[in-house]
Novice: 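If you scroll down you'll find the structure; I have some questions about it.
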Amino acid sequence: MIEVEWNRLTAAELRALAARDAVVLLPVGATEQHGPHLPTGVDDFLAAEVCRRAAVLAAEHFGVVVTPSVPTGLSEHHMAFGGTLTLSLPTLHALLRDICRSVIRVGFSRILIVNGHGGNMTALNALTTELTAELSTPIAFASYFGIGREVVRETLETQDGLMHACEGETSMMMAAFPELIRIEHLGEAHGPRITLPAESTQPVYMAVSFDRITESGVAGDAQEASPEKGERMLSGCASALADIIMRDPWAK
């Protein structure tokens, strides 16, 4: 199998990939509570997993490398539950700027930030514009669950898209990281349905702490999760991401 992970490659191998004008995937997740049954690293783990799978698929035709993931994002709304690490917006901006600048200094010019956390979406849209101007390099941005929206919708039985610690996220964790599931708490893992803030049609936005939305820390119903659903979504999201890489959005 072709090696695609930045921190498993040598400096010389990375310089060679840069000389081939390879695409760099930069996974960005979050470290935050995910109910009683999932670890805090869900968004980080899943973003990195989809990127790794997509890179392996695309590497058959395209040079692709995946940087170490950014495991912490914008999670202020989960702080009330404990177990959560969060950044301020300026810190996330500075962190991404310095990582992207380092990638560019190696010689790469095509960077795709791949997000795994709903709370990062609005900020990353804006920051992508800022980074493109600051670094004079066309930075691209996508959320893996947006890229794979169709397979997510077709796979899930109780919801149309990802919520939080839900049927979808729990299924993917069952498929990729089954040892991290607290199965004994799965019966408690349910809560109200939500819409991600970046996809809301409400005319007014206000910040709301997640403990005001759900007592369990879960939005959706994780009791309907299965590893089979998870594998289908991970594979589908990775395939959709690989297709985007091979369509080369930087060339437009």
Novice: Which residues satisfy the side-chain hydrogen bond (donor to acceptor under 3.5 Å, both in side chains) test with T67, sequence neighbours excluded?
Specialist: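 Partners of T67 under the side-chain hydrogen bond (donor to acceptor under 3.5 Å, both in side chains) test: none.
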Novice: Which residues satisfy the salt bridge (charged side-chain N to carboxylate O under 4.0 Å, His left out) test with E154, sequence neighbours excluded?
Specialist: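 Counting only residues at least two positions away or on another chain, E154 forms a salt bridge (charged side-chain N to carboxylate O under 4.0 Å, His left out) with R232.
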Novice: Working to the nearest 0.5 angstrom, can you tell me the gap between L38 CG and F177 CZ?
Specialist: 12.0 Å
Novice: Can you give me the closest heavy-atom contact between A242 and A54, atom names plus distance?
Specialist: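 Where A242 meets A54 most closely, the heavy atoms are CB-O, 3.7 Å.
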Novice: Check whether any side-chain heavy atom of C51 sits under 4.5 Å from a side-chain heavy atom of V4, and report yes or no.
Specialist: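 No; the side chains remain at least 4.5 Å from each other.
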Novice: Establish whether L14 and I111 are linked, either directly or via other cluster members, by ILVMFWY side-chain heavy-atom contacts under 4.5 Å.
Specialist: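 The answer is yes; both residues are in one hydrophobic cluster.
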Novice: What verdict does the side-chain contact (heavy atoms from CB on, under 4.5 Å) test give for L46 and M233, after you've listed the backbone C-alpha separation in whole Å, the side-chain angles of each residue and the deciding distance to 0.1 Å?
Specialist: CA-CA 11 Å; L46 294 180; M233 286 185 288; over 6 Å; no
Novice: When rounded to the nearest 0.5 angstrom, what is the spacing between CZ in R15 and OG1 in T10?
Specialist: 7.5 Å
Novice: Is L17 reachable from L25 through a run of I, L, V, M, F, W or Y residues, each pair having side-chain heavy atoms under 4.5 Å apart?
Specialist: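 Different clusters.
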Novice: Are the side chain of H34 and the backbone of E32 linked by a donor-acceptor contact shorter than 3.5 Å?
Specialist: yes
Novice: Less than 4.5 Å apart, side chain to side chain, heavy atoms only: is that true for M246 and L57?
Specialist: no
Novice: What's the shortest heavy-atom distance between A22 and V64, and which atoms?
Specialist: CB-N, 4.0 Å
Novice: Rounded to the nearest 0.5 Å, what separation is found between the CG atom of L87 and the CG atom of L92?
Specialist: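 Result: 6.0 Å between the selected atoms.
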Novice: Are R110 and D248 packed together at the side-chain level, in the sense that at least one heavy-atom pair is separated by less than 4.5 angstrom?
Specialist: yes
Novice: Give a yes or no on whether a salt bridge exists between E150 and R153, defined as a side-chain N under 4.0 angstrom from a carboxylate O.
Specialist: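 Looking at R153 together with E150, the answer is no, because their closest N to O distance does not fall below 4.0 Å.
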Novice: Check whether M79 and V208 end up in the same hydrophobic cluster, where Ile, Leu, Val, Met, Phe, Trp and Tyr are linked by side-chain heavy atoms less than 4.5 Å apart.
Specialist: no
Novice: Show the nearest heavy-atom pair for residues P27 and P68, with the distance to one decimal.
Specialist: CD-O, 4.3 Å
Novice: For F210, give me all partners under ring-ring contact (aromatic ring centres under 6.0 Å, His included), at least two apart in sequence or on another chain.
Specialist: H78, H164
Novice: Could you list the residues that satisfy side-chain hydrogen bond (donor to acceptor under 3.5 Å, both in side chains) with S136, not counting sequence neighbours?
Specialist: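 Once residues adjacent in sequence are excluded, S136 has no partner under the side-chain hydrogen bond (donor to acceptor under 3.5 Å, both in side chains) criterion.
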Novice: What residue pairs, at least two apart or across chains, pass salt bridge (Lys or Arg N to Asp or Glu O under 4.0 Å) with a residue in residues 214-226?
Specialist: none
Novice: Are the side chains of V50 and R53 in contact, using a 4.5 Å heavy-atom criterion?
Specialist: no
Novice: According to side-chain hydrogen bond (donor to acceptor under 3.5 Å, both in side chains), who are the partners of E130, at least two apart in sequence or on a separate chain?
Specialist: none
Novice: With no hydrogens and no angle check, is any side-chain donor or acceptor of H117 less than 3.5 Å from a backbone partner on V28?
Specialist: no
Novice: Once you round to the nearest 0.5 Å, how far does CG of L26 lie from CZ of F141?
Specialist: 11.0 Å
Novice: Any pair with a residue in residues 167-178 that passes salt bridge (Lys or Arg N to Asp or Glu O under 4.0 Å), sequence neighbours left out, goes on the list, sorted by first then second residue, please.
Specialist: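 Pairs touching residues 167-178 that pass the test: E167-K229.
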Novice: Short question: side chain of T86, backbone of S75 - any donor-acceptor pair under 3.5 Å?
Specialist: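 Here the side-chain-to-backbone pair exists.
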Novice: Applying salt bridge (Lys or Arg N to Asp or Glu O under 4.0 Å), which residue pairs with at least one partner in residues 66-75 are found, sequence neighbours left out?
Specialist: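 Listed by first then second residue: nothing to list.
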Novice: So which atom in S143 and which in M121 form the shortest heavy-atom distance, rounded to 0.1 Å?
Specialist: OG-CG, 3.6 Å
Novice: Can you tell me if S171 uses its side chain to pair, donor with acceptor, with the backbone of S226 under 3.5 Å?
Specialist: yes
Novice: Please check if W6 and L135 belong to a single hydrophobic cluster, counting links between Ile, Leu, Val, Met, Phe, Trp and Tyr side chain heavy atoms closer than 4.5 Å.
Specialist: yes
Novice: Hey, is the main chain of G217 close enough, under 3.5 Å, to the side chain of Q33 for a donor-acceptor pair?
Specialist: yes
Novice: Is the closest side-chain heavy-atom distance between C237 and I147 below 4.5 Å?
Specialist: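 No; the side chains remain at least 4.5 Å from each other.
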Novice: Please tell me if the side chains of L162 and Y144 come closer than 4.5 Å, counting only heavy atoms from C-beta onward.
Specialist: yes
Novice: Got a sec, which pairs hit salt bridge (Lys or Arg N to Asp or Glu O under 4.0 Å) with one end in residues 175-196, sequence neighbours left out?
Specialist: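 Matches after skipping sequence neighbours: none remain.
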Novice: Using 0.5 Å steps for rounding, measure from the CG atom of L124 to the NE2 atom of H93.
Specialist: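 Answer rounded to 0.5 Å: 11.0 Å.
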Novice: Please report the closest heavy-atom contact between S69 and D44, naming both atoms and the distance.
Specialist: OG-OD1, 2.6 Å
Novice: Can you check whether T72 reaches L95 side chain to side chain, under 4.5 Å on heavy atoms?
Specialist: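 When only atoms from C-beta onward are counted, L95 and T72 do not touch, as no gap falls below 4.5 Å.
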Novice: Check whether L74 and L131 end up in the same hydrophobic cluster, where Ile, Leu, Val, Met, Phe, Trp and Tyr are linked by side-chain heavy atoms less than 4.5 Å apart.
Specialist: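 Cluster IDs for L74 and L131 match.
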Novice: Side chains of residues 99-109: which donor-acceptor partners sit under 3.5 Å, not counting sequence neighbours?
Specialist:
| unit_1 | atom_1 | unit_2 | atom_2 | d |
| --- | --- | --- | --- | --- |
| R101 | NH1 | D98 | OD1 | 3.0 |
| S102 | OG | D98 | O | 2.9 |
| S109 | OG | D21 | OD1 | 3.0 |

Novice: Does T91 have any side-chain hydrogen bond (donor to acceptor under 3.5 Å, both in side chains) partners at least two apart in sequence or in another chain, and if so, which?
Specialist: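 Residues passing side-chain hydrogen bond (donor to acceptor under 3.5 Å, both in side chains) with T91: S88.
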Novice: Take H37 and V218 through the side-chain contact (heavy atoms from CB on, under 4.5 Å) test and state the conclusion after the steps.
Specialist: CA-CA 9 Å; H37 65 302; V218 177; 4.0 Å; yes
Novice: Applying salt bridge (charged side-chain N to carboxylate O under 4.0 Å, His left out), name anything that partners E228, two or more places apart in sequence or on another chain.
Specialist: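 Per chain and number, E228 pairs via salt bridge (charged side-chain N to carboxylate O under 4.0 Å, His left out) with no residue.
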Novice: Testing the basics here: between Q159 and C166, what is the closest heavy-atom pair and its distance to 0.1 Å?
Specialist: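 Taking Q159 first and C166 second, the nearest heavy atoms are NE2-SG, 3.1 Å.
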Novice: From E76 CD over to L89 CG, what is the distance, rounded to the nearest 0.5 angstrom?
Specialist: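 One finds 12.5 Å between CD of E76 and CG of L89.
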Novice: With side chains defined as the heavy atoms from C-beta onward, is the minimum distance between V70 and I113 less than 4.5 Å?
Specialist: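 Side chain of V70 against side chain of I113, heavy atoms only: no contact under 4.5 Å found.
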Novice: Where the side chain of T214 meets the backbone of S216, is there a donor-acceptor pair that is under 3.5 Å apart?
Specialist: yes
Novice: So, T132 side chain and T128 main chain: donor-acceptor pair closer than 3.5 Å or not?
Specialist: yes
